[in-house]
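Only one structure is covered here, and it is reproduced in the block below.
Small disclaimer: the values here were computed from a predicted structure and weren't measured. In each ligand, atom 1 is the first atom listed, and ligand 1 is the first ligand listed.
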Amino acid sequence: MIRLALFASGSGSNVENIYNYFSNNTNFIISKVYCNNANAGVLERCKRLNLKSLVFKRHEFFESSLVLKDLIETSDVIVLAGFLWKIPENIIQVFSDKIINIHPALLPKYGGKGMYGMNVHKAVKENNDAETGITIHFVNEKYDDGAIIFQAKTSLKPSDGIEEIAQKVHELEYKYYPKIIEQTFS
Ligand code: GAR
């Protein structure tokens with residue numbers, strides 16, 4: 001049984017999708033949802049889905065081993081699902097090759113600090129790109145820099161607004177992220 005720690009900062013629609021995908025799979029279990037934002041929508045989902053959660057503050061994450069100690073007890077793999085802080089080195093060292101992220105664009109385009117969520121889709125729109133997509137990759141100590149595991153593309157129409165772009169990307173995320181998690185860690 002592989003125990004997945006899910007990290008999220010926002011609405012958590014990917015958390016719910018991953019939860020649903022693995023709900024009938026006895027090889028994987030969601031151990032806990034880790035969240036840096038006490039007001040995040042993902043915490044409502046956790047209550048509804050009966051998922052354990054841990055909310056932590058910046059100093060607890062970056063200047064203590066509180067989260068690392070908890071992870072060592074609860075989890076084998078870390079899945080970032082809309083998590084916006086960089087993962088500190090103490091966690092990367094202990095969970096090397098066991099941390100996976102989804103980025104809402106085709107890296108190396110639109111990666112790096114500040115490039116998350118709607119900021120990415122705004123930049124894609126401003127550049128009039130004809131396509132965008134998702135990148136699933138291992139996590140290292142730099143933003144959006146670890147080895148790429150999988151990418152998928154979607155085409156864009158000039159009339160697509162930022163919301164439409166976000167929706168197309170979310171569809172790819174829901175379709176592929178759970179499957180790639182399963183394949184990568186089976
Ligand atoms: C997702 O689109 C995910 O790719 C993105 O945040 C969104 C979270 O949505 N992640 C990043 O931008 C990481 N750099 P959700 O809370 O509804 O799952």
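- Proximity of I18 to N20: side-chain heavy atoms (C-beta onward) are nowhere separated by under 4.5 Å.
- Atom 9 (O) of ligand 1 has its closest protein heavy atom at H170 NE2, 3.3 Å.
- Considering only non-hydrogen protein atoms, atom 16 (O) of ligand 1 sits nearest to G12 N, 2.7 Å.
- Here the rule is side chain to side chain contact (heavy atoms under 4.5 Å, CB included) with F7, and of V67, V79, V139 only V67 fits it.
- Counting all heavy atoms, side chain and backbone alike, L172 lies closest to G133 at CD1-CA, 3.9 Å.
- Close contacts of ligand 1 with Y116, meaning ligand atoms under 4.0 Å from a residue heavy atom, involve 12 (O), 14 (N).
- Side-chain contact check for T135 and Q151: at least one donor-acceptor pair (N or O, by modelled atom type) lies under 3.5 Å.
- The single protein non-hydrogen atom nearest to atom 4 (O) of ligand 1 is E173 OE2, 2.4 Å, given as residue, atom name and distance.
- Near S11, meaning under 4.0 Å from one of its heavy atoms, ligand 1 places the atoms 16 (O), 17 (O).
- Interface of P104 with ligand 1, defined as ligand atoms under 4.0 Å from a residue heavy atom, comprises 2 (O), 4 (O), 5 (C), 10 (N), 11 (C), 12 (O).
- Atom 13 (C) of ligand 1 has its closest protein heavy atom at I102 O, 4.0 Å.
- Interface atoms of ligand 1 facing M115, defined by a heavy-atom separation under 4.0 Å, are 14 (N).
- F56 has its side chain out of reach of S64: every pair of non-hydrogen atoms, C-beta onward, lies at least 4.5 Å apart.
- Residue, atom and distance of the protein heavy atom nearest to atom 14 (N) of ligand 1 are H103 ND1, 3.6 Å.
- Residue contacts with ligand 1: G117 is included, with a non-hydrogen atom under 4.0 Å away.
- A donor-acceptor contact under 3.5 angstrom links the side chains of Y34 and T74, judged on distance only.
- A donor atom on one side chain and an acceptor atom on the other are not found under 3.5 Å apart for T132 and Y110.
- For atom 10 (N) of ligand 1, the choice among S9, S13, G82 with the nearest heavy atom turns out to be G82.
- Taking the six-membered ring for Trp and the full ring otherwise, F61 and F83 have centroids separated by under 6.0 Å.
- In terms of polar-atom proximity, N14 is counted as a contact of ligand 1, with an N or O under 3.5 Å from an N or O of the ligand.
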